[in-house]
Amino acid sequence: MTEQALVFTGEREVSTQQVDTPAPGENEVSVDADVSAISSGTELLIYRDEAPTGITADSSLETLNGDLSYPLKYGYSLVGTVTDVGGNVENAWMGREVIAFHPHQTRFTVATDSLTPLPPDLDQRAGTLFPSVETATNFLLDGAPKVGERVAVFGAGVIGLCTTRLLAEFPLDSLVVVEPRSSRRELARAFGADETIPPGEVDALFDSVEGDHGSADLVYELSGQPEVLNDAIDVVGYDGRIVVGSWYGSKRSALNLGESFHRDRIDIISSQVSTIDPTLRGRWSKKRRTQVGLDNLRLIDHNSLITDVVPFERARNAYERLDETTEGTIQVLLSYD
């Protein structure tokens, strides 16, 4: 059967192309796409030709093959409905709504073990945010926030806002979000931040803390801008932790490691959702994290995050809006109605 898939073909160039979709194998199902989310991180890097081409798309996901060079099918946040099942698949899968880490495509065939059933109390639009919430869950596992800590989050995009919402559940001393856009600062407050500030005021962050000038215990760098790491280093205190959840692609920035970084024994932690911290793997499996992520998804006001729903056949407009209209655009979805 011939279906339509979204393909990145060059810098700021996307198109829909015909692809062959086979009937499901013995352990596979066919899924009709209903809605999918565009990542404003990795996908925009690919769209802008800012992603390195010498690395695999994501070796942990069977649905993403090859490297990040053009032409490329990419995407990992799709919700659809099972419409056909293989011979070894239980009939209970028929008609089930599922979350798939799959590129944007009208219909596809995939093994059941790569799908996550959408809980019946969550609607499809909320389901598209699951990968973002699972990523935020992984950030908290890696950063290990503690009672009474001062935490700063740089960046209030979808990932930053989801992370802020989960951090707001902790008994922290304070939770501050640093974000240049006023509309996103306002949303961060609604998501539980105690304070939100523009980047120009970061030097005064935590100045009011008596005897402990300018020191966060834990900082999340989620802005997607590598130069912001220097601000994170300036803000974090002695023996503090910086969790870098941004992926910068091919963008580079010189880090200022000659001042407080060395003497203050600052830890910079790389966090990426494809894997779980080795120190946690004895107790934490991806299955356990998936369940926790689904529970956390219920905390997220998805209607506040989803600003645009664009028909799949007009995907080019969706990427243009996400790329060019940064003040009023947060999460853009593609609809396959």
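Partners of Asp337 according to the salt bridge (charged side-chain N to carboxylate O under 4.0 Å, His left out) rule, which considers only residues two or more places apart in sequence or in another chain, do not exist here. Residues satisfying the side-chain hydrogen bond (donor to acceptor under 3.5 Å, both in side chains) test with Glu149, not counting sequence neighbours, are Arg241. Applying the side chain to side chain contact (heavy atoms under 4.5 Å, CB included) test to Pro119 and every residue at least two apart in sequence or in another chain returns Asp121, Leu122, Leu294, Arg298. In this structure Asp323 satisfies the salt bridge (charged side-chain N to carboxylate O under 4.0 Å, His left out) test together with Arg12, Arg48, sequence neighbours excluded. In this structure, Asp231 has no side-chain hydrogen bond (donor to acceptor under 3.5 Å, both in side chains) partners at least two apart in sequence or on a different chain. Shown here are the salt bridge (charged side-chain N to carboxylate O under 4.0 Å, His left out) partners of Asp308, two or more places apart in sequence or in another chain: Arg321.
Among pairs with a residue in residues 175-192, those fulfilling salt bridge (Lys or Arg N to Asp or Glu O under 4.0 Å) read Glu179-Arg181, at least two apart in sequence or across chains. Residue pairs satisfying the ring pair (Phe, Tyr, Trp, His ring centres under 6.0 Å) criterion with at least one member in residues 16-49, sequence neighbours excluded, are listed as follows: Tyr47-Tyr319. Every pair passing salt bridge (Lys or Arg N to Asp or Glu O under 4.0 Å) that includes a residue from residues 123-138 is listed here, sequence neighbours excluded: Glu134-Arg289.
Side-chain heavy-atom separations under 4.5 angstrom define the hydrophobic clusters, and the remaining members of the one that includes Leu141 are Ile276, Leu280, Trp284, Val292. Under a 4.5 Å side-chain heavy-atom cut-off, the cluster of Ile, Leu, Val, Met, Phe, Trp and Tyr residues that includes Leu222 is completed by Phe139, Leu140, Val151, Val153, Ile159, Leu166, Leu167, Phe170, Leu172, Leu175, Val177, Leu218, Tyr220, Val243, Ile269, Leu299. In this structure, Val147 stands alone, with no Ile, Leu, Val, Met, Phe, Trp or Tyr side-chain heavy atom under 4.5 Å from its own, directly or through other members.
Between the side chain of Asn230 and the backbone N or O of Leu255, no donor-acceptor pair lies under 3.5 Å.
Using modelled atom types, one finds no donor on one side chain facing an acceptor on the other under 3.5 Å when comparing Tyr336 with Glu313.
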